[in-house]
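Quick caveat, the model's predicted, so the values are computed rather than measured.
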Amino acid sequence: MLAYFENHYFLNKMTENKTSNRFAFIMITSLFFMWGFVHNLDPILIPHLKKAFSLSTLQASLVDSAVFIAYFVMALPAGAIMKKYGYKAGILTGLALFAIGSYLFIPSANTQLYTFFLLSLFVIACGLTILETAANPYASLLGPPEKAVQRLNLAQSFNGLAATLAPIIGAKIILTKGYSDAALNAMTASARDVALAAEASSVKMPYLVLGSIILLIAIIFYFMKLPEIKEGDGVASVSNVFHALKHRHLSWAVAAQFFYVGAQVCVFSFFILYATKAAGISEMEAATYAGFGVGMAFMIGRFVGTFFMKFIPPVKLLMIYSLICSVLSILAIFITGIIAVYVIIGIAFFMSIMFPTIFSLGIKDLGGDTKFGSSLIIMAIVGGALLPPLFGYISDVTQNIQMGYIVPLACFVVIFFFGITGYKVVKS
């Protein structure tokens, strides 16, 4: 009889843990969607602010720089927060900064200062840095280790869903008040200033709504109980960032992630500018392609890639996909017309699995170094701040935005070499 009750209690406990893990995974996945959504509003913001403030391509690329420099600044503090207070504290801190930065778009639009917009984006990105530093390893470790890469790819698939919806929604809300260059040139100086001010102000409502949604999610996380996860054996509490870097495969993953994020930001953020020049279509048409084409391909690529990983080792799939993206990047440089748009859509599909796959392979077998390892890989997202300006500079110098694809090409080559050898765990 005692054995019966013990078994019954054990089964109930297992069921309770599975339910708790499932709800935790759903909530964590919602974070992937939300930061994916705000990141993929940037391709709308870049041409919008470029026109509103009469910016060059290089100056407009500072939108990405403001966002991704935060990853370099905040990644290690994020790791320290989680090391001391845990994953839940990190998530709540990240959500708070995310909401504050979104609300800052209202005074940014009122002051009509480009630097204030950049500051608002920086605050949002500080929150995203903490969220990604917490959510990526949490999703990876919340379950059987052998399914870690698939689990993280599944969570990241909803990041891809956001990449589909954000450009479509953002274009309808933000770009609808856009004025053509011809219309602006026909206006008087004062009328043009009023028109451009109205364009800049159109960002207030979407970011007000976004901030409110994030605040609601933060309240839910505050009251819910997140399951504790074990990070494995290996490193005592003296673990630090320098100790974490002794793992060869982690160092490779940091480098690979730097170049991957740089490539992704170049592809996504410059897509509308690229499509209007290479294919000769309007900004609204390009925004539609960004959502239903690039974003959809990115999302489907994540789900398809997660499925393929049941049959193909993730690292081999990463190597194959990076090789395909290298070839497509060469085509993006030379092909014109609507086919150039489909080439970029192809790149979005095949690069979709790269971030979660590199991340999971990078934190594999880190044990007590996992939190700092996660911080370092998230810090590598600074590639999204440094490489797009190079893309913009090449585009401005050559007077051809297609030549900027030299940058993603180089990035995918680095990822290919990570897939060949860099991922291997070398035991001390």
Measure the CD-OG distance between Gln59 and Ser65 for me, rounded to the nearest 0.5 Å. 12.0 Å
Heavy-atom check, side chain of Thr276 versus side chain of Ile401, under 4.5 Å: no
Taking atom CZ as the centre, does Phe72 end up with more than 12 heavy-atom neighbours from other residues, nucleotides or ligands that are less than 6.0 angstrom away? no
For the residue pair Cys325 and Ile347, what are the closest heavy atoms and their distance? SG-O, 3.8 Å
CG-CD distance between Leu250 and Gln257, expressed to the nearest 0.5 angstrom: 11.0 Å
If you compare all heavy atoms of Val382 against all heavy atoms of Tyr71, which two are closest, and at what distance to 0.1 Å? N-CB, 4.2 Å
Atom CZ of Arg302 and atom CZ of Phe349: how far apart are they, to the nearest 0.5 Å? 12.0 Å
For the residue pair Phe98 and Leu210, establish whether any side-chain heavy-atom pair is separated by less than 4.5 Å. yes
Looking at Thr357 and Leu318, would you say the former's side chain and the latter's main chain have a donor-acceptor pair under 3.5 Å? no
4.5 Å side-chain heavy-atom contact, Tyr289 and Ile272: no
Distance-minimising heavy-atom pair for Ala286 and Ala275: CB-CB, 3.9 Å
Within the 4.5 Å heavy-atom criterion, are Lys88 and Phe221 side-chain neighbours or not? no
Trace of the side-chain contact (heavy atoms from CB on, under 4.5 Å) decision for Trp252 with Phe417: CA-CA 9 Å; Trp252 258 100; Phe417 281 105; 4.2 Å; yes
Side-chain donor/acceptor of Glu285 to backbone N/O of Ser282, under 3.5 Å: yes
Looking at every heavy atom in both Gly211 and Ala99, which two are closest together, and how far apart are they? O-CB, 3.8 Å
Return the minimal non-hydrogen interatomic distance between Val265 and Pro388, and the atom names on each side. CG1-CG, 3.4 Å
With a 4.5 Å heavy-atom cut-off, do Leu104 and Tyr207 have their side chains touching? no
Go through Leu361 and His249 one step at a time and tell me if the side-chain contact (heavy atoms from CB on, under 4.5 Å) criterion holds. CA-CA 8 Å; Leu361 293 171; His249 70 290; over 6 Å; no
According to the interplanar angle, ranging from 0 to 90°, do the rings of Phe350 and Tyr321 count as parallel (below 30°), tilted (30 to 60°) or perpendicular (above 60°)? perpendicular
Do any N or O atoms from the side chain of Lys204 and from the backbone of Phe105 form a donor-acceptor pair under 3.5 angstrom? no
Can you list the steps and then say if Met299 with Phe158 is a side-chain contact (heavy atoms from CB on, under 4.5 Å)? CA-CA 7 Å; Met299 177 188 67; Phe158 290 88; over 6 Å; no
Measuring from Phe303:CZ to Phe308:CZ, what's the distance to the nearest 0.5 Å? 14.5 Å
Closest non-hydrogen atom pair between Tyr274 and Ala332, with its separation: OH-O, 2.7 Å
Distance check, rounded to the nearest 0.5 Å: Leu131 atom CG versus Leu97 atom CG? 8.5 Å
Within the structure provided, determine whether Ile124 and Trp35 are in side-chain contact (heavy-atom separation under 4.5 Å). no
Without swapping roles, check the side chain of Ser212 against the backbone of Leu208 for a donor-acceptor pair under 3.5 Å. yes
Can you tell me if Thr133 and Ser374 form a side-chain donor-acceptor pair at under 3.5 Å? no
So, does Gln402 use its side chain to make a donor-acceptor pair with the main chain of Ala278 at under 3.5 Å? no
Checking the side chain of Ser322 only, and the main-chain atoms of Met319 only, is there a donor and an acceptor separated by less than 3.5 Å? yes
Do Phe412 and Met351 make a side-chain contact, defined as non-hydrogen atoms from C-beta onward lying under 4.5 Å apart? yes
I'd like to know if the side chain of Thr129 and the backbone of Met74 have a donor-acceptor N/O pair within less than 3.5 Å. no
Intermediate values then yes/no, side-chain contact (heavy atoms from CB on, under 4.5 Å), Ile169 and Phe37: CA-CA 10 Å; Ile169 296 172; Phe37 191 90; 4.0 Å; yes
If you measure from CD1 on Ile344 to CZ on Phe268, what distance do you get to the nearest 0.5 Å? 11.0 Å
Do Tyr405 and Val267 make a side-chain contact, defined as non-hydrogen atoms from C-beta onward lying under 4.5 Å apart? yes
